[in-house]
Participant: 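Below you will find the structure I want to go over with you.
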Amino acid sequence: MNDFVFQSPTRFVFGRGYADRIGGEVAALGAKRALLVYGGGSVVRTGLLARVTASLDAAGVGYVELGGVRPNPEVGLVRKGIELARHEHVDLVLAVGGGSVIDTSKAIAFGTSYQGDVWDFFMRKATIGACLPIACVLTIPAAGSEASGSCVISNDELGLKKGVNGDVFRPRVAVLDPEVTFTLPQYQTAAGVTDIICHICERFFSTAGPVPVTDNICCGIIRSVMDAATTAIATPDDYDARATIMWSGTLAHNDLCGCGRSSAPTKRAGGWESHGLEHEVSAHRPEVAHGAGLAVILPAWMRYVWRANTERFLAFARGVFDVEPVDQTDEATEDAITFAIDELQRFLVSLGMPRTLGDLGLSQDEVDGWLQTLRQNKGERFGELRPLTMEDARAIYLSAF
């Protein structure tokens, strides 16, 4: 087990009807005026936004609204939110939504006191310092942004999708009410489950070797979320299944699943190869759901690199699918690993996720564009388990069609 630093300062308020408690939680942080950030029409249509504003009113917390956050959130709305936050003198940012809304809120929160352009942080031209406190009401279990030190934003003008990391913008409080996810469409549920599994896999497939406690946490959460997803797709209002998915999403990305696996105490575990590859796809084609892209890219990456560390992949096959090689031969090892990868993809497809990039309406002609911005984001080589060149990346992309 490698050395690590684990910080999870977020207060979690988890349970039935708990979305109505957000006003009291925000007031307890000392906030007087919040910037209320949300996405499209679903929070309005389901009545959740009205519940949140009623809770704020009851707690005596003022607010100003910023709606319109899209999937794969764009920096233009972040800039608008920063201007609004300054003009309205808000002292907290409240996100009501999923990862896109929460990431937008994070960028607004750490961009408000900065005198330059918020995109400077994503281009590593500035270091994040001051940050408004952040609270959230989670509506889509997927990104884990409600407890993570990660923020990913797209820049359509540049065709880039970039992330920053830091504990300073982890939310102070996260209200998790599984009942608000009952009305999620199947596709959104499936894409979220895929993202959850991928967050765990990115950390599991590092070069740290066995870390029994963390490895068992990782595999246990994957098994739990797979079982719950099957139930939730069949019975959307099954509370226990929705609760399992929601809590799994939080634990998958608050760094618990990476403890002892990182090469440096304050570095995030794993090489994040699948996320790096997928981000270029959804940066160029924002209509592609991040989880749907990962459903294709993750198995393609696994098939390309597994020989670099057969023990890690055997541990995954054993821990998630109870698969062991029938003997000690190379052929048996390959059979066990490829079976596990195939089973993972079969499961994702069974939820309604795409099998190929072509299923997403993408073309091989787009690969050169993805590689161009991938090189800008990652350099000529990136990754940990098996460092990837741009030609490796091309091969993975093409294998996914």
Side-chain angles (χ1 to χ4, degrees), residues 1-2 4 144 193-230 244-245 248-249 251-253 255-263 268-278 291 294-351 353 355 383-388 392 396 399-400:
M1 181 185 295
N2 292 341
F4 65 89
V193 167
T194 303
D195 200 11
I196 291 167
I197 292 172
C198 195
H199 282 158
I200 299 171
C201 288
E202 299 282 22
R203 294 172 166 93
F204 186 88
F205 292 110
S206 74
T207 56
V211 183
V213 174
T214 303
D215 290 351
N216 278 287
I217 291 172
C218 289
C219 293
I221 294 175
I222 292 175
R223 290 196 307 271
S224 295
V225 79
M226 288 175 68
D227 289 343
T230 301
T244 296
I245 295 170
S248 295
L251 297 181
H253 202 37
D255 295 331
L256 175 67
C257 290
C259 288
R261 302 214 57 85
S262 176
S263 58
R268 187 167 61 179
W272 291 80
E273 297 89 345
S274 296
H275 269 70
L277 291 164
E278 194 289 322
L294 287 172
V296 179
I297 294 294
L298 175 61
W301 171 81
M302 295 172 89
R303 292 188 180 102
Y304 193 82
V305 305
W306 69 262
R307 291 176 180 82
N309 195 324
T310 56
E311 289 306 314
R312 268 290 86 194
F313 278 88
L314 283 174
F316 177 82
R318 183 183 306 116
V320 177
F321 295 105
D322 294 321
V323 175
E324 294 277 6
V326 295
D327 54 44
Q328 299 301 309
T329 64
D330 292 342
E331 291 79 8
T333 295
E334 179 171 358
D335 286 346
I337 291 172
T338 55
F339 175 84
I341 297 171
D342 290 345
E343 279 297 290
L344 176 62
Q345 186 163 44
R346 274 194 288 269
F347 166 74
L348 299 176
V349 171
S350 76
L351 298 182
M353 287 290 92
R355 182 179 296 276
E384 181 178 329
L385 195 75
R386 173 183 164 178
L388 303 175
D392 291 325
I396 294 170
S399 74

Participant: Once you round to the nearest 0.5 Å, how far does SG of C201 lie from CH2 of W272?
Facilitator: 10.5 Å
Participant: If we ignore hydrogens and angles and just use 3.5 Å, is the side chain of T310 paired with the main-chain N or O of W306 as donor and acceptor?
Facilitator: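 Flag not set: sc T310 to bb W306 has no pair under 3.5 Å.
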Participant: Nearest 0.5 Å, what's the CG-CD1 distance between L294 and I196?
Facilitator: 12.0 Å
Participant: How far apart are the closest heavy atoms of A252 and I200, and which atoms are they?
Facilitator: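 Distance-wise, the nearest heavy atoms are CB-CG1, 3.6 Å.
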Participant: Determine whether R386 and D392 make a side-chain contact, defined as any pair of heavy atoms from C-beta on separated by less than 4.5 Å.
Facilitator: yes
Participant: Identify the two heavy atoms, one from A317 and one from A336, that lie closest to each other, and give their separation to 0.1 Å.
Facilitator: CB-O, 4.0 Å
Participant: Just how far is it from atom OG of S262 to atom CZ of F4, taken to the nearest 0.5 Å?
Facilitator: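 Result: 10.5 Å between the selected atoms.
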Participant: Would you say F205 and E273 make side-chain contact, with heavy atoms under 4.5 Å?
Facilitator: no
Participant: What is the distance from atom SG of C218 to atom CG of L256, rounded to the nearest 0.5 Å?
Facilitator: 8.0 Å
Participant: Go through the steps for D215 and R312 under the test side-chain contact (heavy atoms from CB on, under 4.5 Å), then give the verdict.
Facilitator: CA-CA 10 Å; D215 290 351; R312 268 290 86 194; 2.8 Å; yes
Participant: Output a table of donor-acceptor pairs, distance under 3.5 Å, between side-chain atoms of residues 220-230 and any protein atom two or more places apart or on a different chain; print 'none' if there are none.
Facilitator:
from	atom 1	to	atom 2	distance (Å)
R223	NH1	G319	O	2.4
S224	OG	G220	O	2.9
T230	OG1	M226	O	3.1

Participant: Tell me the side chain to side chain donor-acceptor pair (under 3.5 Å) pairs involving residues 197-209, sequence neighbours left out?
Facilitator: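 As it turns out, the side chain to side chain donor-acceptor pair (under 3.5 Å) pairs with a partner in residues 197-209, which skip direct neighbours, are D195-H199, H199-H275, E202-H275, R203-H253, R203-D255, S206-R261, T207-E384.
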Participant: Could you measure the distance from the CZ atom of F321 to the CD1 atom of I341? Nearest 0.5 Å is fine.
Facilitator: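 If I round to the nearest 0.5 Å, the distance is 10.0 Å.
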Participant: Locate the shortest heavy-atom distance separating T214 from C257; write the atom from each residue and the value.
Facilitator: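 Heavy atoms of T214 and C257 come nearest at CG2-O, 3.1 Å.
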Participant: Going by side chain to side chain donor-acceptor pair (under 3.5 Å), name the residues that satisfy it together with R303, two or more places apart in sequence or in a different chain.
Facilitator: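 Checked R303 against side chain to side chain donor-acceptor pair (under 3.5 Å); matches are D342, Q345.
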Participant: Heavy atoms, side chains only, cut-off 4.5 Å: are V320 and L344 in contact?
Facilitator: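 Not touching, per the 4.5 Å side-chain cut-off.
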Participant: Do the non-hydrogen side-chain atoms of F347 and V193 ever get within less than 4.5 Å of each other?
Facilitator: yes
Participant: Can you check whether I337 reaches F316 side chain to side chain, under 4.5 Å on heavy atoms?
Facilitator: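 I337 does not reach F316 side chain to side chain.
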Participant: Which pair of heavy atoms, one from Y304 and one from I396, lies closest together, and at what distance?
Facilitator: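 Answer, listing the atom of Y304 first, then I396: CG-CG1, 3.6 Å.
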Participant: Specify the closest pair of heavy atoms between L298 and S274, including all atoms of both residues, with the distance to one decimal.
Facilitator: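 For L298 and S274, the tightest heavy-atom pair comes out as CD1-OG, 3.5 Å.
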Participant: Taking atom CD1 of I297 and atom CD of E278, what is their separation to the nearest 0.5 Å?
Facilitator: 7.0 Å
